[in-house]
Engineer: 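The structure that follows is given in the form of structure tokens.
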2 protein chains.
Amino acid sequence: MQTTRDRLVEVSSDLFRRQGYVASGLKQIAAEADAQIGSLYHFFPGGKSELGAEAIRRSGAMYGMLIPAVFDPAPDVAAAVRDFFAGAAEHLVETNYADACPIATVALEVSSTSDGLRRACAEVFESWIAAGTERFVAAGLPEGIARQLAIGMLTALEGAFVLARAARDTEALRIAGELTASTVERTLAEHLEHEQSSR
Amino acid sequence: MQTTRDRLVEVSSDLFRRQGYVASGLKQIAAEADAQIGSLYHFFPGGKSELGAEAIRRSGAMYGMLIPAVFDPAPDVAAAVRDFFAGAAEHLVETNYADACPIATVALEVSSTSDGLRRACAEVFESWIAAGTERFVAAGLPEGIARQLAIGMLTALEGAFVLARAARDTEALRIAGELTASTVERTLAEHLEHEQSSR
DNA sequence: GTCTATATCTCGATAGAC
DNA sequence: GTCTATCGAGATATAGAC
């Protein structure tokens, strides 16, 4: 059974993804979580920023689980990248262009106004980069190159989310996904070449 | 001389870029523009959303001017892409990681809550894509490929802005810029190859 | 732990004098 | 066109009964 505390964090995460941090009021959060304002401050004495930080970390952990979920069953990393963008596009359409990245809106809103929340977002992004790097290393790439690809994939995805939500169109996601997958394929091929020539 | 109306739009643009649409109150906007609330509603009877739409379009026009400003003097398009990301990183550091994309924060905030503002953002993104497409066409690429590269460049830039502001680090911008420039170089080379083989 | 009531502030928006 | 005063709603946060 889900506790009141869990529901508050989950509802916050959902609202932040759809409308951002500032527009999500504590009364709205409490109401949608079937909780009272008093309970909210009982669990989060630090108020909105404390609840916000925890919602960001929870979103990060949940969304980060998609990385192994998509990469592990895929035949190769380039196919996994294609699956990742295709899945993101599908989910975006299914949710009427509401559910893209759970923390990007918050990250942009608070980066210059709340250092605590900014750091929480930065830690989540870094955890995603680390998870992506692992998969590219497992595919045979050296650590540095793998990290570059992970960052390239995440930046392409985040940027495509911005354009796709604004245009209510998945074009940007499709193109960014294909460009990223091609870059991964080319990088793998180049690396294998170097491996062979150095033997 | 700048009119009260101009100052209101300019201040709105600046505040939106740093802290987003929702967090920027009309009183703060009026105060920083040395104007009164009454004047604001005199020029923008539609209130915040009318002022917001105009601020988005103004930001879009201003930032869009960077595309010819960076691409026209560059020796080639790949170098222009590198210059663009390097310039963005430099400006971000100079402004203490505040001034990245002028409309991305607003786009994510309002995409699911205000159709008018969402459309204004979508139109700006489309105008940037069109301007970028022109430059890649001028470099010798067919329209479709040129548009893909323009979208790829913009998504990479937008995503890198999100990560860079959150991390207070330009790593994502540097990597996204290099990956994008490489993709542009590879695409140009491939196209020239096809051109030759079809002669 | 839960709930209600409320304090204080700021929001967007309006009215009307000048 | 400019300015002040103010409205009603909603914001975050707190106090205290149960």
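Only this structure's heavy atoms are used, side chains among them; waters, hydrogens and symmetry mates stay out. So you know, we letter chains A, B, ... as the sequences are listed, proteins then strands, and number each from 1.
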Engineer: Indicate yes or no: at least one non-hydrogen side-chain atom of B:Ser13 is less than 4.5 angstrom from one of B:Ser59.
Structural biologist: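 In short, these two side chains touch, coming nearer than 4.5 Å.
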Engineer: Is there a donor-acceptor pair closer than 3.5 Å between any side-chain N or O of B:Arg7 and the backbone N or O of B:Ala33?
Structural biologist: yes
Engineer: Please tell me if the side chains of A:Gln19 and B:Ser112 come closer than 4.5 Å, counting only heavy atoms from C-beta onward.
Structural biologist: no
Engineer: With sequence neighbours excluded, what pairs up with B:Tyr21 under the ring-ring contact (aromatic ring centres under 6.0 Å, His included) test?
Structural biologist: B:Phe16
Engineer: Side chains of B:Asp14 and B:Arg17, heavy atoms from C-beta outward: is any pair under 4.5 Å?
Structural biologist: yes
Engineer: Output the residues of residues 37-48 of chain B in contact with DNA chain D, where contact means a heavy atom of the residue under 4.0 Å from an atom of the strand; sort by number or write none.
Structural biologist: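 Nucleic-acid contacts, sorted: B:Gly38, B:Ser39, B:His42, B:Phe43.
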Engineer: Please say which of B:Leu154, B:Ile103, B:Thr105, B:Leu108 ends up in a side-chain contact (heavy atoms from CB on, under 4.5 Å) with A:Val162.
Structural biologist: B:Leu108
Engineer: Do B:Val11 and B:Ile37 sit in one hydrophobic cluster, given that two such residues count as connected whenever their side-chain heavy atoms are within less than 4.5 Å of each other, even indirectly?
Structural biologist: yes
Engineer: Applying side chain to side chain donor-acceptor pair (under 3.5 Å), run through A:Glu10 and A:Gln2 and close with a yes or a no.
Structural biologist: CA-CA 10 Å; A:Glu10 186 179 336; A:Gln2 213 182 14; 2.4 Å; yes
Engineer: Does B:Glu126 form a salt bridge (Lys or Arg N to Asp or Glu O under 4.0 Å) with B:Arg147? I'd like the steps, not just the answer.
Structural biologist: CA-CA 10 Å; B:Glu126 187 55 42; B:Arg147 182 179 171 84; 2.9 Å; yes
Engineer: Does the side chain of A:Thr180 reach to within under 4.5 Å of the side chain of A:Arg82, using non-hydrogen atoms?
Structural biologist: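 The answer is no, as the side chains (C-beta and beyond) never meet within the 4.5 Å cut-off.
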Engineer: According to ring-ring contact (aromatic ring centres under 6.0 Å, His included), who are the partners of A:Tyr63, at least two apart in sequence or on a separate chain?
Structural biologist: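 Testing A:Tyr63 for ring-ring contact (aromatic ring centres under 6.0 Å, His included), a comparison that skips the adjacent residues, returns A:Trp128.
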Engineer: Donor-acceptor check, side chain of A:Arg165 to backbone of A:Tyr97, threshold 3.5 angstrom: yes or no?
Structural biologist: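 Yes, because the side chain of A:Arg165 sits within donor-acceptor range (under 3.5 Å) of the backbone of A:Tyr97.
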Engineer: Taking 5' to 3' order, which nucleotide of DNA chain D is first and which is last to have an atom within less than 4.0 Å of a heavy atom in chain A?
Structural biologist: D:dA11 to D:dT14
Engineer: Does anything in residues 24-32 of chain A come within less than 4.0 Å of DNA chain D? Heavy atoms only, and list the residues if so.
Structural biologist: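 Listed by number, they are A:Ser24, A:Gly25, A:Leu26, A:Lys27.
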Engineer: Got a sec? Which of residues 103-114 of chain A come in under 4.0 Å of DNA chain C, heavy atoms?
Structural biologist: none
